[in-house]
Every structure is written in C-alpha cells, then in structure tokens.
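Report on one structure; see the data block that follows.
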Protein chains: 2
Amino acid sequence: MTREAEQPQPAFGAHDHAHCTADTLARAEAEAVRLGLRLTPVRRRVLEILLEQHRAMGAYEVLDRLAAEGFGHQPPVAYRALDFLVDNGFAHRVRRLNAFAACMHPGETHAPVFLICRSCNVVAEAAGQPVRSALDAAAAAAGFTVERANIEALGLCPECKARELAS
Amino acid sequence: MTREAEQPQPAFGAHDHAHCTADTLARAEAEAVRLGLRLTPVRRRVLEILLEQHRAMGAYEVLDRLAAEGFGHQPPVAYRALDFLVDNGFAHRVRRLNAFAACMHPGETHAPVFLICRSCNVVAEAAGQPVRSALDAAAAAAGFTVERANIEALGLCPECKARELAS
DNA sequence: AGCCGGATTGTTACATGATAACCTCTCCCT
DNA sequence: AGGGAGAGGTTATCATGTAACAATCCGGCT
C-alpha cells in the first residue's frame with residue numbers, strides 16, 4: 001500500500017473548495033470556543049491539513065506534513081491531535097481505510113455515513129440520520145444502547161459507475 | 001493491549017452454544033458446496049475456531065491456535081483463510097476491533113450490524129436489513145452504489161447497562 | 001509576582017496488524 | 001507425461017497504533 005494514495009476528486013462533483021474549507025474551519029473554531037476546547041496549533045494545523053486535502057488521510061501521512069512544518073516527528077503527535085479532533089466531532093475516522101477525514105459539519109448533531117469508491121478512492125460524507133435511526137432501532141431490539149457508530153459503504157461513485165458502463 | 005482478550009459471554013444472554021456452533025458449521029458447509037468453494041482443512045478449522053469462541057478474534061490469535069495444531073506459523077496462513085471466509089460470507093470483519101467473527105447466518109443474504117459493548121467487549125451480530133435499506137437510500141441520493149457495507153456500533157450491552165445503573 | 005497542577009507536546013521504544021514475493025505441492029485436465 | 005491453477009507454506013518487511021516518560025505551557029490561586 002502506498003502512503004500517498006491518489007484521490008484526485010474532492011468529493012462527488014466539483015465545488016468551491018477554498019470557500020468550503022475556510023467556512024468549515026470557522027465553524028469548527030466557533031464550536032471549540034462553545035465547548036471550551038483548546039484548538040491548539042498542532043490540532044488546528046491537522047484540521048487544516050485534512051480540510052485542504054479534502055480526503056481521507058492516514059495518520060502517518062498527516063505526520064509527515066506536521067514534521068515538515070516543524071512540529072513533532074513521532075506518531076503520537078499525529079495520533080493525539082487526530083484523536084482529539086475525532087473525539088470532539090471535528091473529524092471522523094474511516095476505519096476501512098485506516099484513515100481520517102475532516103468533518104464537514106462540525107457542531108451539527110449528525111450521523112456520518114461514508115461512501116468510499118473502490119475505483120477512485122474518493123470518500124464522501126453523506127447524511128445518515130435515517131440510517132442512524134434504523135441502527136438505533138435494531139440495537140434497541142437487542143437491548144443495546146448505541147453511543148458511537150461507524151457506518152461505511154464500499155462501492156462505486158457516480159463518475160466511476162459511468163466509466164464502467166461506458167467500457 | 002493483550003493478545004488474549006477477555007470476552008466471557010458468547011453474546012447477549014445465554015444460549016445452546018454447542019448446538020448453534022454445529023448448526024452454523026453445517027450450514028456453512030452446505031453453502032460452500034452450493035457455491036463450488038473448497039472448504040479446505042485450514043479454512044474449515046479457522047471457521048470452527050471462530051465458532052467455538054463465538055466472539056471477535058484477532059488474526060494473530062487465530063494464527064496461534066492454528067500453529068498449535070500443526071498448521072503454518074506465519075501470518076499469511078491465518079489471513080488467507082480469514083480473507084476467504086470473509087469474501088465468501090462465512091465470516092465478518094469487525095474493523096473497530098481489527099478482528100474477525102464467524103457469520104451466524106451463512107448463505108442468507110443479510111446486512112450484518114455489529115453491536116460492540118465498550119465495557120465487556122462482547123460483539124453481537126444483529127439483523128440489519130432496515131439499516132442497510134436506509135444506507136442504500138442515502139447512498140442512492142448521492143448517486144453512489146453500495147457493494148459492501150460495514151455497520152458497527154459501540155455502546156453498552158444490556159448486562160453492562162444494568163450494572164452501570166446499579167452502581 | 002510566584003507557585004501549583006493539569007493539560008499539552010515532545011521523546012524513545014515497542015506492540016500489533018497486514019502484505020509482498022517466492023517456493024512447493026497437489027489435483028485435474030489434456 | 002506435461003502443465004496450469006489453486007492452496008498453503010516460508011522469509012522478510014511494511015504499516016498502523018500505543019505505552020511510558022520528560023519537558024513545557026498555561027490558567028488560577030495566594
């Protein structure tokens with residue numbers, strides 16, 4: 001597995017990335033203040049990196065960027081910042097890829113669903129409220145209380161599907 | 001983290017484990033025949049081990065058992081057998097735990113949902129058809145086609161919930 | 001100001017999880 | 001007999017994630 005995966009597209013379809021990045025970062029900062037959390041330089045920088053790339057990144061890939069910018073060079077530096085972001089809803093962990101992605105909706109209560117294209121590796125965060133409700137119901141039937149959930153789907157994004165049909 | 005995790009209970013509540021194990025194995029064998037798949041000694045033994053334990057096991061934990069029984073001693077031996085079982089629906093991968101668990105319903109088309117207790121580590125496989133439907137709908141809204149899904153929930157099982165309330 | 005204590009960030013070292021590449025064997029088909 | 005596919009064994013290595021400890025920062029208190 002290469003450390004630098006190729007994930008050309010930011011999501012399904014184009015968008016104003018500069019705007020969405022700045023906007024999400026601003027909302028994350030407001031949210032940190034609201035919750036009394038400290039968005040320190042490393043943490044903030046990690047979030048920025050995830051937002052800039054707008055894709056799922058491995059911890060070591062993030063670490064390489066941090067190290068190049070004068071932060072620590074050891075794995076815990078990246079993992080701690082990433083764990084902080086995940087624990088507080090600023091980022092998500094995509095387990096299927098052993099990777100992390102910035103949350104596009106910090107502050108909003110939401111149940112992220114990740115759609116991972118097996119062809120181009122793009123990862124999209126979809127709204128999963130109905131999925132989460134169904135999950136809660138299934139769990140409740142077993143007497144189980146859900147605290148956190150990972151919902152990830154592997155398949156084909158619209159672009160790659162079209163390409164497969166064409167060939 | 002220890003390699004031999006303690007997971008005393010087989011699932012939520014007691015059950016006739018000997019029976020469910022034998023039964024599931026028999027169904028898996030029938031299914032292998034139906035699909036023209038070779039359930040070779042290693043593969044079969046791995047499935048048995050997963051069924052006996054009736055819990056999520058790490059690949060290296062399975063490997064230790066195989067090695068002790070005269071099979072190969074190297075990781076690929078375990079990973080290949082586990083991958084075979086997962087690819088063909090005889091077992092599932094629980095990504096949050098980096099572990100594998102026997103499928104309790106081989107052959108039936110089903111969308112497994114894993115309920116993982118954060119207190120006692122028990123893993124239960126719940127029926128997730130409605131969850132999967134909701135997921136398919138969410139994906140379709142983005143033009144995405146789901147091929148495989150991982151749906152995992154972390155929370156409290158009934159027993160541990162009762163224990164927390166009591167204390 | 002000066003001090004305390006917890007949170008943060010850095011380090012070293014290591015544990016754990018997963019694969020690549022290659023070789024041999026067996027079975028089955030021609 | 002020859003040969004190819006599939007399975008399972010090996011060695012070696014890579015990738016991912018943590019434990020434990022030290023130094024430092026920072027806010028609150030006297």
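Below, chain A is the first sequence line, B the second, and so on; all start at residue 1. These numbers come from the heavy atoms of this one structure, side chains and all, not from hydrogens, waters or symmetry mates.
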All N/O contacts under 3.5 Å from nucleotides 23-26 of chain C to the protein, with atom names and distances to one decimal?
none

What is the distance, to the nearest angstrom, from the CD atom on B/Gln74 to the P atom on C/dG17? 16 Å

Between A/Glu152 (side chain) and A/Arg96 (backbone), is there a donor-acceptor pair under 3.5 Å? yes

Report yes or no: do A/Leu35 and A/Leu85 belong to one cluster of Ile/Leu/Val/Met/Phe/Trp/Tyr joined by side chain heavy-atom distances under 4.5 Å? yes

Does any part of the side chain of A/Tyr79, heavy atoms only, come nearer than 4.5 Å to the side chain of A/Tyr60, both counted from C-beta? yes

Expressed as a whole number of angstroms, how long is the span from B/Leu66:CG to D/dA7:P? 17 Å

For B/His105, ring-ring contact (aromatic ring centres under 6.0 Å, His included) partners two or more places apart: B/His110

In whole Å, I'd like the distance from the CG atom of B/Leu39 to the C1' atom of D/dG6. 15 Å

Only pairs at least two apart or in different chains count here, so list each ring pair (Phe, Tyr, Trp, His ring centres under 6.0 Å) that has a residue in residues 112-139 of chain A. A/His92-A/Phe114

Verdict with supporting geometry, B/Glu52 and B/Arg45, salt bridge (charged side-chain N to carboxylate O under 4.0 Å, His left out): CA-CA 10 Å; B/Glu52 280 168 16; B/Arg45 189 65 196 119; 3.3 Å; yes

5' precedence on DNA chain D between B/Gly72 and A/Pro75 (nearest-nucleotide basis): B/Gly72

Any residue meeting side chain to side chain donor-acceptor pair (under 3.5 Å) with A/Asp23, in chain and number order, not counting sequence neighbours: A/Arg27

Separation of C/dG17 atom C1' from A/Arg95 atom CZ, nearest Å, is 13 Å

Just the rounded figure in Å: distance from P of D/dG17 to CE of A/Met57. 14 Å

For C/dA15, does the base pair up with any side-chain atom of B/Tyr60 as donor and acceptor (N or O, under 3.5 Å, distance only)? no

With the side chain defined as heavy atoms from C-beta on, A/Pro76 is closest, among C/dT19, C/dT8, C/dT12, to C/dT12

Taking CG from B/Leu97 and P from D/dG17, how many angstroms apart are they, rounded to a whole number? 14 Å

Counterpart residues, salt bridge (charged side-chain N to carboxylate O under 4.0 Å, His left out), relative to A/Arg95 (two or more places apart): none

Here the residues of residues 78-93 of chain B within 4.0 Å heavy-atom distance, strictly under, of DNA chain C are B/Tyr79, B/Arg93

To the nearest angstrom, how far is B/Glu69 atom CD from D/dG8 atom P? 15 Å

Roughly, in whole Å, what's the span from NE2 in B/His73 to C1' in D/dG8? 13 Å

Is A/Asn98 near enough to D/dG17 that one of its side-chain N or O atoms lies under 4.0 angstrom from OP1 or OP2? yes

Looking only at the side chain of A/Ala59 (C-beta and beyond, no hydrogens), which of the listed nucleotides D/dA7, C/dA7, D/dG17 gets closest? D/dG17

Any A/Arg43 side-chain nitrogen or oxygen under 4.0 Å from OP1 or OP2 of C/dT8: yes

Heavy-atom side-chain proximity of B/Ser119 to B/Arg163 below 4.5 angstrom: yes

